Amino acid sequence: MARNAPTPVLEAAVEPEEEVQPDPVPVFDEVPAKKAPKPQYMVVGDHFYGQTDEGEIRIPLRFRTKIFRAIRDAGDEVDQLFALLDNLGEADTAAKFDELDVLDTMEFATVYFQAWQEKNEARLGEARRSSKK
């Protein structure tokens, strides 16, 4: 009797998952007219705008070094997020965030950081182009 040769095991080809990139945050030169529909999130100049259940929230895309220090001194990531949100925007901005559902606040923060990254990558690109002249 002949022995059966072991059958080779075929490994399924595993393709790495493609990371889905979010759509860029819309950028405008000026705030759309009141009658025009506004996107839920947008950038106008150096400010990020979000349409929320508590009304429009506007916060700067540039912030002072002292805010970084406040974030550094905060505890975990949640404390750091709230330290950032408490120090950005107008006097009533933190109060508006306090009234939002926590998932809405997290979505706002996620899109804000996306816009912040897009804005700063553009600024770095401009700086690189101008330094080559």
Side-chain angles (χ1 to χ4, degrees):
M1 277 183 126
R3 286 178 72 178
N4 290 337
T7 305
V9 177
L10 298 176
E11 293 184 24
V14 178
E15 293 184 27
E17 288 186 32
E18 288 185 37
E19 187 175 322
V20 178
Q21 296 295 321
D23 291 333
V25 177
V27 177
F28 297 92
D29 291 330
E30 54 188 51
V31 177
K34 290 187 185 235
K35 293 180 183 177
K38 292 181 182 177
Q40 184 173 7
Y41 301 108
M42 65 181 173
V43 172
V44 180
D46 285 335
H47 286 85
F48 177 79
Y49 291 75
Q51 308 309 314
T52 73
D53 291 341
E54 293 301 310
E56 184 172 86
I57 297 177
R58 179 186 116 163
I59 55 177
L61 286 168
R62 299 178 72 181
F63 39 93
R64 298 174 301 275
T65 303
K66 71 179 183 177
I67 294 174
F68 275 115
R69 288 192 181 116
I71 293 168
R72 179 196 63 206
D73 295 339
D76 61 19
E77 290 179 1
V78 173
D79 291 335
Q80 291 174 351
L81 173 63
F82 288 114
L84 174 66
L85 296 177
D86 287 347
N87 285 289
L88 291 176
E90 306 296 324
D92 65 339
T93 301
K96 287 181 180 179
F97 281 118
D98 285 345
E99 296 303 318
L100 289 179
D101 179 86
V102 70
L103 295 178
D104 293 338
T105 300
M106 298 304 287
E107 177 183 290
F108 188 102
T110 299
V111 180
Y112 171 82
F113 287 119
Q114 175 191 341
W116 185 84
Q117 182 177 3
E118 291 169 3
K119 178 88 171 171
N120 285 301
E121 285 174 357
R123 288 178 62 205
L124 287 173
E126 290 172 6
R128 286 185 188 136
R129 282 192 299 277
S130 66
S131 68
K132 291 181 180 181
K133 290 181 180 180

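Predicted, not measured: the structure shown is a model, and the values here were computed from it.
In this structure, Asp86 has no salt bridge (Lys or Arg N to Asp or Glu O under 4.0 Å) partners at least two apart in sequence or on a different chain. By the side chain to side chain contact (heavy atoms under 4.5 Å, CB included) test, Asp92 pairs with Glu90, Lys96, sequence neighbours left out. Under the salt bridge (Lys or Arg N to Asp or Glu O under 4.0 Å) criterion, Glu56 pairs with Lys38, sequence neighbours left out. In terms of the side-chain hydrogen bond (donor to acceptor under 3.5 Å, both in side chains) criterion, Arg69 has no residue partners (sequence neighbours excluded). Taking the side-chain hydrogen bond (donor to acceptor under 3.5 Å, both in side chains) definition, one finds that Glu107 meets it with Gln40, Tyr41, sequence neighbours left out. Checked against side chain to side chain contact (heavy atoms under 4.5 Å, CB included), Ala109 has the following partners two or more places apart in sequence or in another chain: Leu81, Phe113. Every side chain to side chain contact (heavy atoms under 4.5 Å, CB included) that Glu99 has, sequence neighbours left out, goes to Glu54. Shown here are the side chain to side chain contact (heavy atoms under 4.5 Å, CB included) partners of Asp76, two or more places apart in sequence or in another chain: Val78, Asp79. Listed by chain and residue number, Glu121 satisfy the side-chain hydrogen bond (donor to acceptor under 3.5 Å, both in side chains) test with Gln117 (two or more places apart in sequence, or in another chain).
Thr93 has its side chain out of reach of Leu85: every pair of non-hydrogen atoms, C-beta onward, lies at least 4.5 Å apart. Inter-residue side-chain proximity for Tyr112 and Leu61 is flagged as met; some heavy-atom pair is nearer than 4.5 Å. Looking only at side-chain heavy atoms (C-beta outward), Thr52 and Asp104 stay at 4.5 Å or farther from each other.
The ring pair (Phe, Tyr, Trp, His ring centres under 6.0 Å) contacts involving residues 80-100 comprise Phe97-Phe108, where partners must be two or more places apart or lie in separate chains.
With hydrophobic clusters built from ILVMFWY side chains whose heavy atoms lie under 4.5 angstrom apart, Phe48 does not share a cluster with Val44. When the side chains of ILVMFWY residues are joined at heavy-atom separations under 4.5 Å, either directly or via intervening members, Ile59 and Met42 end up in two distinct hydrophobic clusters.
Open room surrounds CG on Asp53; 12 or fewer heavy atoms of other groups in view lie less than 6.0 Å from it.
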Enumerate donor-acceptor pairs with a distance under 3.5 Å from any side-chain N or O in residues 22-35 to protein atoms, sequence neighbours excluded.
none

Determine, step by step, whether Ile67 and Leu84 satisfy the side-chain contact (heavy atoms from CB on, under 4.5 Å) criterion, reporting the C-alpha distance in whole Å, the side-chain angles of both residues, the deciding distance to 0.1 Å, and the verdict. CA-CA 7 Å; Ile67 294 174; Leu84 174 66; 3.7 Å; yes
